[in-house]
Protein chains: 2
Amino acid sequence: MQFQQLLYFVAVAETRHFTRAAERVHVSQPSLSQQIRALESELGAELFSRARGNIGLTEAGAALLPLARRILADADTARLEVQELAQLRRGRVRLGATPSLCTGLLPEVLRVFHDRHPGIRLLIEEGGSHDLVRQLARGALDLALIVLPLPPGSPALTTVELLQEDLVVVSAAAGKAPRRPVRIADLRDQPLVMFRHGYDLRELTVAACRAAGFEPGFTVEGGEMDAVLGFVRAGLGMAVVPSMVADRAGPGFRVTPLAGPGLRRTIALAHRSDVAPPRAARELQRVLLESRSL
Amino acid sequence: MQFQQLLYFVAVAETRHFTRAAERVHVSQPSLSQQIRALESELGAELFSRARGNIGLTEAGAALLPLARRILADADTARLEVQELAQLRRGRVRLGATPSLCTGLLPEVLRVFHDRHPGIRLLIEEGGSHDLVRQLARGALDLALIVLPLPPGSPALTTVELLQEDLVVVSAAAGKAPRRPVRIADLRDQPLVMFRHGYDLRELTVAACRAAGFEPGFTVEGGEMDAVLGFVRAGLGMAVVPSMVADRAGPGFRVTPLAGPGLRRTIALAHRSDVAPPRAARELQRVLLESRSL
DNA sequence: ATCCACGATAGGCGTAGCCTATGGAGATCA
DNA sequence: TGATCTCCATAGGCTACGCCTATCGTGGAT
């Protein structure tokens, strides 16, 4: 049984005419006749009663017709569905990102992407780089924005550097924070507000303090980015955050750059190396990389 | 898109393994790979993520899978249905027969047929030969038991002689009917009970009387075979009926053969010449012809 | 480092499906 | 009745596709 045989069969059943059916399906009449014969022979029953000038369905033909129609319709549906997925009219992308990027970079980029491909659902997984890497490997994410370098022992991921961001110190506008760049060492004995475990920023900041020779102390600890900023504005202490976040934090903050080499972190796009990401994920990756040059 | 491509696709989706899928569908692994590629290329999307040792469906593949399954299931159903029809496990025969045959020949033959093919519905149309011929031509009947010769101007029908039956005179057992064969001419001035219009027996009997030089008169006229026999038994008159019917009529009747050439009629099976009857009808025809030799 | 498992690639073969040309059998009309 | 027309079936040839075997390439395991 072949699709074109069913197609020809339906055409003959509907036109009650071999020649006209052949025209309708764009094959020569003998080819159509031959295929109908082949179908009949395979099924072991005549499908049409071939009376001169009055072609009609046999019982077997009548039984086959609705099934043939449904099979052809399903095949069309299949083509359409897959095409829509391929053409980004439908689908989804599962994107992982660190909390700071979720508030900083993503909103604008996702808006652009959504405007271009309104049919694609965007599923955002907010988490630390470490968790994101694991989820990528598991196939639970298509794409993730992570902080380089990858933790040691990571599965095979392909990464593309997206941007580097400087870390800055934010404090309450009414506070006593200096305006000139500060060194990490200057943070010794300063009240600090710190993110919950899981934020790469936490590990990075703590490591920097230790490198400068002191163990930081936290007046408040835990909470997401917004909470931390709130604590800072309330005067509970300072915090080290990406400059991008600090810039958007609004009034009530004093932003102080870090002196010397400062602190930077490299944000990269990552996906599994062994599997090409879905079409929609590749497109989102493109949009993300494109956003870099804006 | 081809059926075997969908079959291979489902096999790979279910085994998550090209080599094992190839074994399952009994083709070589390269052939299967090639067909999957062809399908992917036609649909314009990858269907599988080919990670080492972990073949998985892409979104497109996931969208296709249920449709592919349904298409294949429908194809199987189609094969099965048509085969059941062809193998006489299902279906119907529309058989036309004259009233006398319905009561005489048919019950036994239909019982035999039904025992052999319990899935076939038997639709019996009782009517005069003339009507039956018209219904055959219209395609409303597959097969009919008619009286030969065909009326002039009949459409193209193929007939097979089935049997010849003698006509006899039945009368009430208590009546004065002679026991020796009678001639048609002897029926002059005898009270006759006659079938309704439409019975071929009526035309035949009346024609025979006229040929013998008289116009028959009827004491009762109309009614089906059973009614006529009832009138005869009640002593209302005699009737000319097929010997087969007379034999089964039971007690209360005297059966008198007709002398000389007598009256015979030829019963034949008829079907349209331009269309082969359905499988089930051909089978019924076979059983009918077979019954002749019993 | 070597081997193994597994999917991809290459090349050859047979046939299935399509084409054009033609046959043959009912309808139709002069 | 015969000529023509219509329409499906048949014949023969060509191409392309699907299948095969043999081999390669590459990750993962020993």
Side-chain angles (χ1 to χ4, degrees), chain A residues 1-9 11-43 46-58 61 137 139 153-158 271-276, chain B residues 1-43 46-58 61 137 139 153-158 272-276:
Chain A
M1 197 185 295
Q2 308 242 322
F3 281 103
Q4 82 266 39
Q5 291 174 342
L6 296 181
L7 188 71
Y8 299 173
F9 164 74
V12 174
E14 287 177 354
T15 59
R16 308 173 68 83
H17 206 282
F18 276 62
T19 305
R20 279 198 279 279
E23 283 167 17
R24 199 173 96 174
V25 296
H26 304 112
V27 295
S28 67
Q29 169 265 314
S31 297
L32 180 134
S33 285
Q34 183 186 335
Q35 288 303 306
I36 297 289
R37 282 228 167 279
L39 184 59
E40 287 177 328
S41 146
E42 179 189 339
L43 294 177
E46 301 251 312
L47 299 171
F48 295 108
S49 65
R50 292 162 167 80
R52 290 280 153 196
N54 185 24
I55 303 276
L57 285 169
T58 62
S154 296
L157 297 183
T158 300
H271 61 81
R272 287 173 70 179
S273 301
D274 56 357
V275 182
Chain B
M1 196 184 297
Q2 307 237 314
F3 281 104
Q4 82 264 38
Q5 292 175 340
L6 296 181
L7 189 70
Y8 299 172
F9 164 74
V10 171
V12 174
E14 287 178 354
T15 59
R16 307 171 68 83
H17 206 282
F18 276 62
T19 305
R20 280 198 279 280
E23 283 167 17
R24 200 173 96 175
V25 297
H26 305 112
V27 296
S28 67
Q29 170 265 314
S31 297
L32 180 133
S33 285
Q34 183 186 334
Q35 289 303 306
I36 297 289
R37 282 227 167 280
L39 183 59
E40 288 178 326
S41 144
E42 179 189 339
L43 294 177
E46 302 252 311
L47 298 172
F48 295 107
S49 64
R50 292 163 167 80
R52 287 275 153 199
N54 186 22
I55 302 276
L57 286 169
T58 61
S154 296
L157 296 183
T158 301
R272 286 172 71 179
S273 303
D274 54 357
V275 182

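Values below: all heavy atoms of this structure, side chains included; hydrogens, waters and symmetry mates excluded. Throughout, a chain's letter reflects where its sequence line sits, starting with A, and its residues are numbered from 1.
Nucleotide dG27(D) holds its C1' atom 13 Å from the CD1 atom of Ile55(B), rounded to whole Å. At whole-Å resolution of the value, CG in Leu32(A) and P in dT10(D) are 14 Å apart. Taking atom CD of Gln29(B) as the reference point, atom P of dT21(D) lies 12 Å away to the nearest angstrom. Here dC7(D) presents its C1' atom at 12 Å from CD of Glu23(A), a figure rounded to the nearest Å. Rounded to an integer number of Å, the gap from Gln5(A) CD to dG17(C) P is 6 Å. In this structure, CD of Glu40(B) is placed 13 Å from P of dG7(C), rounded to the nearest angstrom.
Ser33(B) comes within 4.0 angstrom of the backbone, heavy atoms only, and of no base. Contact annotation for Gln4(A): backbone-only contact, meaning every heavy-atom pair under 4.0 Å involves sugar-phosphate atoms and none involves a base. When heavy atoms are screened at a 4.0 angstrom cut-off, Tyr8(A) is found touching the sugar-phosphate backbone but no base atom. Using a 4.0 Å heavy-atom distance criterion, Gln34(A) is classed as a base contact.
Nearest nucleotide to the side chain of Arg37(A), out of dC6(C), dC18(C), dA9(D): dA9(D).
A donor-acceptor pair is defined here as one N or O able to donate and one able to accept, closer than 3.5 Å; such a pair exists between the side chain of Thr58(A) and the backbone of Glu46(A). A donor-acceptor pair under 3.5 Å links the side-chain atoms of Arg16(B) to the main chain of Ile55(B), judged by distance alone.
The phosphate of dG17(C) has neither OP1 nor OP2 within less than 4.0 Å of any side-chain N or O from Ser31(A). In terms of phosphate contacts, His26(B) brings no side-chain nitrogen or oxygen within less than 4.0 Å of OP1 or OP2 of dC19(D).
Using a cut-off of 4.0 Å between Lys/Arg side-chain N and Asp/Glu carboxylate O, Arg37(B) and Glu40(B) are scored as salt-bridged.
Under the side-chain hydrogen bond (donor to acceptor under 3.5 Å, both in side chains) criterion, Gln29(B) pairs with Ser33(B), not counting sequence neighbours.
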